[in-house]
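In what follows, a structure is listed as structure tokens, so that the remarks can point back to it.
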Amino acid sequence: MIAVVHHPDYVLPTAYAPTLKANKNALIRDAMLACGEPLEWIEPEPMPLDWLRAVHCPDYVDEVVEARVPAHKERRIGFTITPPVALRSQLVPGGTYAAALAAKERGFAANTGGGSHHALHDTGAGYCVFNDLALAAVRLVGEGQARRVLIVDCDVHQGDGTAALTAGYPDIATFSIHAERNFPVRKARSTLDVALPDGVEDDEYLRLLGHHLVPLVDAFEPDLILYQAGVDPLADDRLGRLSLTQDGIDRRDTFVATLAQSRRIPLASTPGGGYGPDLTEIARRHVRSIMTLGAVFSGPQVAVQF
């Protein structure tokens, strides 16, 4: 049974949804319910203000929580911060944290929201308000829930905010494999970046992923992995510049999960990016990713050598 973290307030009231894709979480929830697999639903608490302020600028946190974000920051984020958006922005990081705790007990858990890897210290960016990956990692280490956390980001866009926000934490490492010429123009420095040229296909992507990620995992020895499982490396993604097939995404997710399971490392996933005109299809892709990851952890323990 896969543990899935979701909160009703991830789904915005229609009148407050800033963009058509804002309620992708509702479509992910519905697709999860329709998948026919047994699921354990977990409802998260909002990320406490003290932890939000420990990672993000306290003034920016107050701007979001009080729904008074300046217009220039809203433009950088990509939408208006209304009270329902402000609440959702606090719940999603709490969801990634809850997924991490569930993964510690069950091996794997998924948050239906999150992967907001562009949010920076004093502003959001690229449709990201608060950085749930950085927040969860900092809180897990700060509370002693984890000794070392590795954030593995396979979104087509570099996890610039995550890298910047965790740079001062020796017990948090960041890995980003992304399209070099894609957003953001100004990249941050992850613990390890794998910048890919346009058009990379399945086999080369998977070769490079394994070549770089396995040594990092074995050297850093994390006891928890947070996985940004964006589906935007697909060839038909509206904002991607890579050329992966659905089979390639499946193999990517199976590889990451098998690597974690073989090292006895709990894995918590977030959906990350996926863009296109058919939002129902994008949601199905995210759910397929969750189910692919969960299938690895629901099977027998393995001792695979990479």
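If you're wondering where the values come from, they're calculated on a predicted model, not measured in any experiment.
- Salt-bridge annotation for Glu40 and Arg106: present, with a side-chain N of the basic residue lying under 4.0 Å from a carboxylate O of the acidic one.
- Residues His178 and Lys187 bring no donor and acceptor atom of their side chains to less than 3.5 Å of each other.
- Taking each heavy atom of Arg68 and Glu66 in turn, the nearest pair found is NE-OE1, 2.5 Å.
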- Task: Dump the intermediate steps for side-chain contact (heavy atoms from CB on, under 4.5 Å) on Leu192 and Ser176, then the final yes or no.
- Result: CA-CA 7 Å; Leu192 180 57; Ser176 180; over 6 Å; no
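- Scanning for side-chain contact (heavy atoms from CB on, under 4.5 Å) contacts around Glu221 gives Arg148, with sequence neighbours left out.
- Ion pair Asp223/Arg147 flagged as a salt bridge, since at least one NZ, NE, NH1 or NH2 atom sits closer than 4.0 Å to an Asp/Glu carboxylate oxygen.
- A salt bridge links Asp198 and Arg181; the closest N-O separation between the charged side-chain nitrogens and carboxylate oxygens is under 4.0 Å.
- Formation of a donor-acceptor pair under 3.5 Å by the Thr166 side chain with backbone atoms of Tyr169 is not found in this model.
- Within the 4.5 Å cutoff, the side chain of Glu180 has no heavy atoms near those of the Arg241 side chain.
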- Message: Please evaluate residues Asp278 and Arg284 with respect to the criterion salt bridge (charged side-chain N to carboxylate O under 4.0 Å, His left out), reporting the C-alpha separation (whole Å), side-chain torsions for both, the decisive distance (0.1 Å), and the verdict.
- Response: CA-CA 10 Å; Asp278 187 344; Arg284 290 191 186 114; 5.3 Å; no
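- When side chains are defined from C-beta on, His6 does not count as touching Glu43, because their heavy atoms never get closer than 4.5 Å.
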- ring-ring contact (aromatic ring centres under 6.0 Å, His included) assessment of His212 paired with Phe175: CA-CA 9 Å; His212 291 284; Phe175 172 89; 7.3 Å; no
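- Counting heavy atoms from C-beta on, the side chains of Tyr205 and Cys154 come closer than 4.5 Å.
- Side chain of Thr96 to main chain of Pro93: no donor-acceptor pair is present (N/O by atom type, distance under 3.5 Å, no hydrogens or angles).
- Asp155 places no side-chain N or O within donor-acceptor distance of the main-chain N or O of Gly272, the cut-off being under 3.5 Å.
- Summarising the geometry, atom CD belonging to Gln145 is positioned 4.5 Å from atom OH belonging to Tyr97; distances are rounded to the nearest 0.5 Å.
- Annotation: side-chain contact (heavy atoms from CB on, under 4.5 Å) contacts of Leu239 (sequence neighbours excluded): His157, Asp237, Tyr275.
- Taking the ring pair (Phe, Tyr, Trp, His ring centres under 6.0 Å) definition, one finds that His7 meets it with nothing, sequence neighbours left out.
- For the pair Asp232 and Arg238, the salt-bridge criterion is not met [side-chain N within less than 4.0 Å of a carboxylate O].
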- Message: Let's go through Met1 and Glu37 carefully: what are the C-alpha distance in whole Å and the side-chain angles of both, what is the deciding distance for side-chain contact (heavy atoms from CB on, under 4.5 Å) to 0.1 Å, and is it a yes or a no?
- Response: CA-CA 8 Å; Met1 181 179 294; Glu37 297 293 329; over 6 Å; no
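- Judged by distance alone, the side chain of Gln228 and the main-chain N or O of Gly115 form a donor-acceptor pair under 3.5 Å.
- Aromatic rings from His118 and Tyr127 are positioned such that their centres are separated by 6.0 Å or more.
- With hydrogens and angles disregarded, a donor-acceptor distance shorter than 3.5 Å links the side chain of Asn111 to the backbone of Val92.
- With 3.5 Å as the limit, one finds a donor-acceptor pair spanning the side chains of Tyr227 and Asp253.
- Using a 4.5 Å heavy-atom cutoff, the side chains of Arg251 and Asp202 are in contact.
- No donor-acceptor pair closer than 3.5 Å links the side chain of Asn131 to the backbone N or O of Leu165.
- Asp247 has no carboxylate O lying under 4.0 Å from a charged side-chain N of Arg252, or vice versa, which leaves the two without a salt bridge.
- For the pair Arg288 and Asp250, the minimum side-chain heavy-atom distance is below 4.5 Å.
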